[in-house]
Amino acid sequence: MRSPTDGWTRCSLGHRHWGLAGAAGLLVHRRGADGVELLLQHRVEWSHHGGTWGTPGGALHPDESAVDGALREAGEELGLTASALVLGAQSVDDHGGWSYTTVLATPVGDLEPADLRLNDESVGVAWLSPTDLGVPLHPGLAASLPTLLPLLG
Ligand SMILES: [Zn+2]
């Protein structure tokens, strides 16, 4: 479904971004046996920065809060539901004229990737260690990880 805020824009840093009103994503994290783990989405090849792994997320709709947008996108892309999550802090990566808000969340109970229902924007989902990823990260997430990791507790 198209939104009036769908479209490309250029931020003050000179990047091209999707989402005229900014974008938001959901960073679900948990404490694993060897430290923190992130629930990341493997993005389909045809998407922007396709083939990389990142947080589920996307362009905000008009008058949509970052939390609502992040939850909507996570629901569409991974089948995550708000009732399965405890929301935490938000971190805004402001590029000037465009910003990406990362909403932190932890799962209420066990959250197994195999139980999730992925749409056609996602070719995989997994719990990954940020210190031993072994996969290419979405450049936006890679740039904000140093800011995000200390927030994960
Ligand atoms: Zn930018």
What pairs with W53 under ring pair (Phe, Tyr, Trp, His ring centres under 6.0 Å), at least two apart in sequence or on another chain?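 With neighbours one apart ignored, the set is H42.
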Which residues satisfy the ring pair (Phe, Tyr, Trp, His ring centres under 6.0 Å) test with H49, sequence neighbours excluded?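 Here the qualifying residues are H138.
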same_hphob_cluster([X], [Y]) at 4.5 Å side-chain heavy-atom cutoff:
X: L39; Y: V67; value: yes
X: L128; Y: L137; value: yes
X: L118; Y: L111; value: yes
X: V135; Y: L145; value: yes

Quick one: closest heavy-atom pair of [X] and [Y], and the distance?
X: A126; Y: P113; result: CA-CG, 4.0 Å
X: L78; Y: P56; result: CD1-CG, 3.6 Å
X: A59; Y: G19; result: CB-CA, 3.5 Å
X: P146; Y: A142; result: CD-O, 3.5 Å

Mind checking whether [X] and [Y] have side chains closer than 4.5 Å, heavy atoms only?
X: Q90; Y: L104; answer: no
X: V103; Y: L27; answer: no
X: L151; Y: S91; answer: yes
X: T55; Y: L38; answer: no
X: L141; Y: T52; answer: no
X: S3; Y: P62; answer: yes
X: L71; Y: T81; answer: no
X: V36; Y: S129; answer: no

Qualifying residues under side-chain hydrogen bond (donor to acceptor under 3.5 Å, both in side chains), relative to [X], sequence neighbours excluded:
X: D68; result: S65
X: T102; result: none
X: E77; result: Q41

Taking the hydrophobic residues Ile, Leu, Val, Met, Phe, Trp and Tyr, and joining any pair whose side-chain heavy atoms are under 4.5 Å apart, which ones share a cluster with V123?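 V123 shares its hydrophobic cluster with V44, W46.
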Nonpolar side-chain network containing V92, other nodes, edges under 4.5 Å: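 Noted: V92 shares its cluster with no other residue.
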Side chains of D63 and H61, donor plus acceptor under 3.5 Å: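 H61 and D63 do not have a side-chain donor-acceptor pair below 3.5 Å.
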Going by the side-chain hydrogen bond (donor to acceptor under 3.5 Å, both in side chains) test, which pairs reach into residues 24-39, not counting sequence neighbours?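 Only R30-E37 qualify under side-chain hydrogen bond (donor to acceptor under 3.5 Å, both in side chains).
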Results of side-chain contact (heavy atoms from CB on, under 4.5 Å) for A105 - residues two or more places apart only: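 For A105 the side-chain contact (heavy atoms from CB on, under 4.5 Å) partners, ignoring immediate neighbours, are L26, V28, L85, L87.
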Is there a donor-acceptor pair under 3.5 Å between the side chain of R43 and the backbone N or O of S122?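 Not confirmed, R43 side chain does not pair with S122 backbone.
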Looking at G140, is its backbone amide N or carbonyl O close enough to the side chain of S144 to form a donor-acceptor pair, meaning the two atoms are under 3.5 Å apart?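 Yes; at least one donor-acceptor contact below 3.5 Å.
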Atom pairs and distances, donor-acceptor, side-chain atoms in residues 7-14, under 3.5 Å, two or more places apart:
residue: R10; atom: NH1; partner: G14; partner atom: O; Å: 2.8
residue: S12; atom: OG; partner: G96; partner atom: O; Å: 3.0

What orientation do Y100 and W98 show, parallel under 30°, tilted 30 to 60°, or perpendicular over 60°?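 Tilted, since the angle between the ring planes falls between 30° and 60°.
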What distance separates R2 CZ from T5 OG1, expressed to the nearest 0.5 Å?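 The OG1 atom of T5 is 9.5 Å from CZ of R2, to the nearest 0.5 Å.
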Check salt bridge (Lys or Arg N to Asp or Glu O under 4.0 Å) between R72 and all other residues, then give those that pass, not counting sequence neighbours.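 Counting only residues at least two positions away or on another chain, R72 forms a salt bridge (Lys or Arg N to Asp or Glu O under 4.0 Å) with E64, E76.
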Could you give all pairs that pass the ring-ring contact (aromatic ring centres under 6.0 Å, His included) test and reach residues 73-92, with sequence neighbours left out?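 Passing the test, one end in residues 73-92: no pairs.
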